Protein chains: 2
Amino acid sequence: MSNKVSIKDIAKIANVSIATVSNVINGTGRVSADTKNKVNKVIQELQFVPSASARSLKDKNSHLIAVVVPFVEKGILQDNPFYWELVRGVENGARNHEVQVILLGIDEHEDFSFVRGRHLDGLIVVGVYEQSPAYRKILSLGVPCVFLDSYLSDPALYQVDLDDEAGGYLGTKHLIGLGHRAIAVLTGRLEQGGVNYFRYQGYLRALRESGIPENPDLVLEIDSSIQGGYQAAQRLGHHKDGITGVFAFSDVSAMGLIRGMHDIGMRVPEDVSVVGFDDIFYTQYMIPSLTTIRQDIVSKGQAAVTMLLDQINGTATTSRRVTVPVSLIVRQSTNSFRKI
Amino acid sequence: MSNKVSIKDIAKIANVSIATVSNVINGTGRVSADTKNKVNKVIQELQFVPSASARSLKDKNSHLIAVVVPFVEKGILQDNPFYWELVRGVENGARNHEVQVILLGIDEHEDFSFVRGRHLDGLIVVGVYEQSPAYRKILSLGVPCVFLDSYLSDPALYQVDLDDEAGGYLGTKHLIGLGHRAIAVLTGRLEQGGVNYFRYQGYLRALRESGIPENPDLVLEIDSSIQGGYQAAQRLGHHKDGITGVFAFSDVSAMGLIRGMHDIGMRVPEDVSVVGFDDIFYTQYMIPSLTTIRQDIVSKGQAAVTMLLDQINGTATTSRRVTVPVSLIVRQSTNSFRKI
DNA sequence: CTGAAAGCGCTTACAG
DNA sequence: CTGAAAGCGCTTACAG
C-alpha cells in the first residue's frame, strides 16, 4: 500500500486538478490560500511523497550526485580512512541541499553509462589524473563535475585541491629545521601534475632553499598504503645514505613505516624522524603521535558539494578553483637530528 | 547533446517500433536476429542508455538501494573506519548486480520520505536498536531491509549479525588464560539486545566459567571512539582494583586506550594487556600490534547485499538470519599476567 | 485562481 | 516476429 498514492489521488480527494496539486507542492503558479490548505491537508493525511522518477523524467535532473572514488583492488575502494572522511563531507554537504549521494567505486573498466541513465545532476570525482582512463570518459559525459585532488590543467574545470606544494614544503622544512639533511620521501604514484607530484615539488623547493642537493635514491615510489609504508622501512633501514628523516606523503604509509622501523630496531623519533600527510583521525593517538600535514578533509568534501550545486544551479559565482590550505602539526614523531 | 537520444530515436533510425527496441534492450519478446543486430548497431552508434527514471516509473523498482548509517554528530557519520569497510563491502556487492548505492547518514530527525519518493528497492541498515527512533520509521516504510549489527528480536526481519557473544567470550577467555583476573571492559552503549550487550554476555560467561566474580566497577560504558578509549585510560589507571587486562569492544577505543595508558606511564602489554574488537586494517601495525577479535567486515557487507537482492527478487531461499563468525587474533598487546 | 491536455521515456499487454 | 496504444506520475505552458 505504501507507494500507491499519487498526485491524482490527492487531486481527486481534494477536489482539484492535478495541476493545482502540483502547484501547491512546488509553490509554483497562483493558488488561493484555501485551496492550498485543503491540498496540503490531504497530502499530510495520505503521507504523499512525489515520485522522484516521474519528476526527473520531466525535469531532466535527478537531485542525485555521485562521488567517484578510484579503485585499488577490483571493485574495492581504498583502504584508507581518508576516503571515508571525504565521503562523509560530501554526504553531509549534500543532505543540506536535498540531494542524495551515490557512492561509486570505479575500476578502469567503468563506463559511467549509468551517469546518463540516471540523469545524475553531477559528479564529484576524487583523484583522477589527466592520464587516467577515467578522465576522458568523465569529461565526455558532459555532466557538471567537481574534481577533488586531481590537478587538471584545463582551467575550465571546477576543482578543489589542496595546497600540496606548500604541504611538501612545510614538512620538509620542518625536518631541515631540526637538523636533518638526508631526508627520504615515501610517495605514491609520482605522476606529472598529480597530488604527489606537487608534494614532491614542495620537498624539492625546501631542499633547494637550504642548499641540500637532491638525491633520487631518497625518493621511494611506493604503494600509498599501510603495507607500502611497512615495506619501505626495510629499504630505508639498510640504506647507504644514513637517512635520519622520512616524509611520507600519506598518514597510512607513515603508520606502516613507523611500525616497520620498529620491527627492524630503529626508533622513531630517536633514530629517524617521520612526517606524515593528511592528519587522519588517529594520528595523534599513535605511539609516537605523528607529526603531519593537516588538511580539513570533511570541509573539503563540503566545499566540493557547494561548488557542484552552484554549478548545477547556474549560481556559480565562485571561482572554478579552490585551493584548501594546509598546516604543519608537530607531534612526537619528529625530533632534532642527533639529539640525545 | 548527451542525453537527448531516446528509444524513439533508435526506433526511427533502425526503422522499427519502439516496442521492438525495448524488446531488444531487455531481451524480452521474440525478435529476429536481423532486427536485433540492426537495433543494437544503432544503439551502439548513438551510445544510447535507457533512462532509469522512465524505467522505474513503469517498473516501480529503481535498482537503487541505500546504506543507512547512524549519525554521531549532527549529520556526520561515525569517525570509525569500520563503517568505511562496511560500506565498501556493500558497494562492492552491489556493483556486481547493477544496483547503485546511496549513502545515507541519518540523525534522529530523518523521516526517510525519500525512500518512497525514490522508489528505493531496499535498505541496508546499520546498527539500529529496537528502541531507536529510526527503527519503527524504517519498518513502516514497507521496503525490503537487511539489518546489520542490529540484533532485532523480530524473527521476520532479515539480519546479518556477528557472533558477538562468542567474540566477547573469546577475548575474555584469552585474557583469563594468560592469568588475568581483574579484567575491565570498555563498551559502547550497553543496550539490551545490542551489539555491546552480547559481547558483554560473552565476557560474563567466560568469567563465570573460570569462577571469577563479576565486578560492575570494571565495566566502563564509554563513547565507542578513539577519544572515549583515551579518556578511559585515566579512569582505569587509578582504579582501585588493580586491573591487569582490558577488553575494549572496538579497535578504535582500544587504540585510544593504549595511547592513554602510555601517557600515564602504564605499559602495554607489560603492565596491562589489551584486547580490541573488529580487526580494523591498522591493528597489526600499531605499536604494540593489537590482539583483537576479527570479523570480516567487507564480506559482511557483501552478504547483506546478496540477502537484500534475494529478498527483492523473491529468490530469498536463504534464511533470514546470518551470523558471521569471529576469531581471536593474538598479537602483541596481550601478555601473561606478571610475566617478567 | 484553476483545469484540460500534452509529453517526458519507457514497458507491457494486445493485435496482427 | 512486429507494431500501435495505453499508462506509469509528474510538470508545464496555455486557456479561461
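For clarity, every value in this text was computed on a predicted model and none was experimentally measured. Only heavy atoms go into these numbers, but all of them, side chains included; no hydrogens, no water, no symmetry mates. Protein chains get the first letters and strands the later ones, always in sequence-line order, with residue 1 at the start of each.
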Enquirer: Report yes if at least one side-chain N or O of B:Lys8 is closer than 4.0 Å to OP1 or OP2 of C:dC8; otherwise report no.
Expert: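 The answer is yes; a side-chain N or O of B:Lys8 sits under 4.0 Å from OP1 or OP2.
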Enquirer: May I have the distance from B:His63 (atom NE2) to C:dC10 (atom C1'), rounded to whole angstrom?
Expert: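 Rounding to the nearest Å, NE2 of B:His63 and C1' of C:dC10 are 13 Å apart.
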Enquirer: Is the number of heavy atoms from other residues, nucleotides or ligands under 6.0 Å of A:Arg321 CZ greater than 12?
Expert: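 Enclosed: over 12 neighbouring heavy atoms sit under 6.0 Å from CZ of A:Arg321.
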Enquirer: Which nucleotide sits closest to the side chain of A:Pro50: C:dT11, D:dC10, D:dT2?
Expert: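 The closest nucleotide is D:dC10.
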Enquirer: Please figure out whether B:Asn23 or A:Ile18 has its closest DNA chain D nucleotide nearer the 5' end.
Expert: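 Nearest nucleotide further toward 5': that of B:Asn23.
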Enquirer: Tell me if the CZ atom of B:Arg189 is crowded by more than 12 foreign heavy atoms within 6.0 Å.
Expert: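 At most 12 heavy atoms, drawn from other residues, nucleotides or ligands, come within 6.0 Å of this atom.
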Enquirer: Could you tell me whether A:Glu45 and A:Lys41 make a salt bridge, using a distance below 4.0 angstrom between a side-chain N and a carboxylate O?
Expert: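 No, A:Glu45 and A:Lys41 are not salt-bridged.
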Enquirer: Rounded to the nearest angstrom, tell me the gap between atom CD1 in B:Ile7 and atom P in D:dA4.
Expert: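 Checked: the CD1 to P distance equals 14 Å.
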Enquirer: Considering only side-chain heavy atoms of A:Arg55, which listed nucleotide, D:dA4, C:dT11, D:dT11, is closest?
Expert: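 Per side-chain heavy atoms of A:Arg55, the pick is D:dT11.
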Enquirer: So if I take every side-chain heavy atom of B:Ala19 and compare against C:dT11, D:dG3, C:dC8, which nucleotide ends up nearest?
Expert: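 Shortest atom-to-atom distance from the side chain points to D:dG3.
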Enquirer: Round to the nearest Å and state the distance from B:Asn15 atom CG to D:dG3 atom P.
Expert: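 Atom-to-atom, B:Asn15 to D:dG3, this comes out as 8 Å.
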Enquirer: Among D:dT2, C:dT11, C:dT2, find the nucleotide with the atom closest to the side chain of B:Asn26.
Expert: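 It is C:dT11.
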Enquirer: Should the pair A:Glu110-B:Arg95 be classified as a salt bridge under the 4.0 Å nitrogen-to-oxygen rule?
Expert: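 Yes, charged N to carboxylate O under 4.0 Å.
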Enquirer: What is the minimum heavy-atom distance between A:Ala134 and A:Ile106, and which atoms define it?
Expert: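 Minimum heavy-atom separation between A:Ala134 and A:Ile106: CB-CD1, 3.9 Å.
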Enquirer: Of the listed nucleotides (C:dC1, C:dC10, D:dA4), which one gets closest to any side-chain atom of A:Ser32?
Expert: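 Looking only at heavy atoms from C-beta outward on A:Ser32, the closest nucleotide is C:dC1.
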Enquirer: To the nearest Å, how far apart are A:Asp9 CG and D:dC10 P?
Expert: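 Interatomic distance, CG of A:Asp9 to P of D:dC10: 9 Å.
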Enquirer: Between D:dG9, C:dA4, D:dG3, which nucleotide gets closest to the side-chain atoms of A:Ser17?
Expert: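 In terms of side-chain proximity for A:Ser17, the closest of D:dG9, C:dA4, D:dG3 is C:dA4.
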Enquirer: Under 4.0 Å from OP1 or OP2 of D:dC10: is there any side-chain N or O of A:Ser22 that close?
Expert: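 No.
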Enquirer: Stem ranges for DNA chain D, with three or more consecutive Watson-Crick or G-U pairs under 3.5 Å?
Expert: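 Expected stems, ordered by start: C:1-3 with D:14-16, C:5-12 with D:5-12, C:14-16 with D:1-3.
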Enquirer: Side chain of B:Thr20 only, please: which of D:dC10, D:dT2, D:dT12 is the nearest?
Expert: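 Out of D:dC10, D:dT2, D:dT12, the nucleotide with an atom closest to B:Thr20's side chain is D:dT2.
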Enquirer: Taking only the side-chain heavy atoms of B:Asp59 (C-beta and beyond), determine which of D:dT2, C:dT11, D:dT12 contains the nearest atom.
Expert: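 Given the options D:dT2, C:dT11, D:dT12, the side chain of B:Asp59 is closest to C:dT11.
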Enquirer: Between P on D:dC10 and CD1 on A:Ile43, what's the gap in Å once rounded to a whole number?
Expert: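 Interatomic distance, CD1 of A:Ile43 to P of D:dC10: 10 Å.
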Enquirer: What heavy-atom pair brings A:Leu123 and A:Val143 nearest, and what distance separates the two atoms?
Expert: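 Smallest heavy-atom distance, with atoms named: N-CG1, 4.3 Å.
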Enquirer: Between C:dC10, D:dT12, D:dG9, which nucleotide gets closest to the side-chain atoms of A:Ser51?
Expert: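 Closest nucleotide to the A:Ser51 side chain: D:dG9.
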Enquirer: Check whether any side-chain heavy atom of A:Val322 sits under 4.5 Å from a side-chain heavy atom of A:Met307, and report yes or no.
Expert: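 Touching, per the 4.5 Å side-chain cut-off.
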Enquirer: For A:Lys38 and C:dG3, what is the distance between atoms NZ and C1' respectively, to the nearest whole Å?
Expert: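 Taking NZ of A:Lys38 and C1' of C:dG3, I get 13 Å after rounding.
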Enquirer: Nearest of C:dC10, D:dG9, D:dT2 to any side-chain atom of B:Thr35?
Expert: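 Closest nucleotide to the B:Thr35 side chain: D:dT2.
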Enquirer: B:Lys12 NZ to C:dG9 P: how many Å, rounded?
Expert: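 So the NZ-P distance, B:Lys12 to C:dG9, works out to 12 Å.
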Enquirer: Between P on C:dC10 and NZ on B:Lys60, what's the gap in Å once rounded to a whole number?
Expert: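 Result: 16 Å.
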Enquirer: Hey, is CD on B:Gln47 packed in by over 12 heavy atoms from elsewhere, all under 6.0 Å?
Expert: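 Not more than 12 within 6.0 Å, no.
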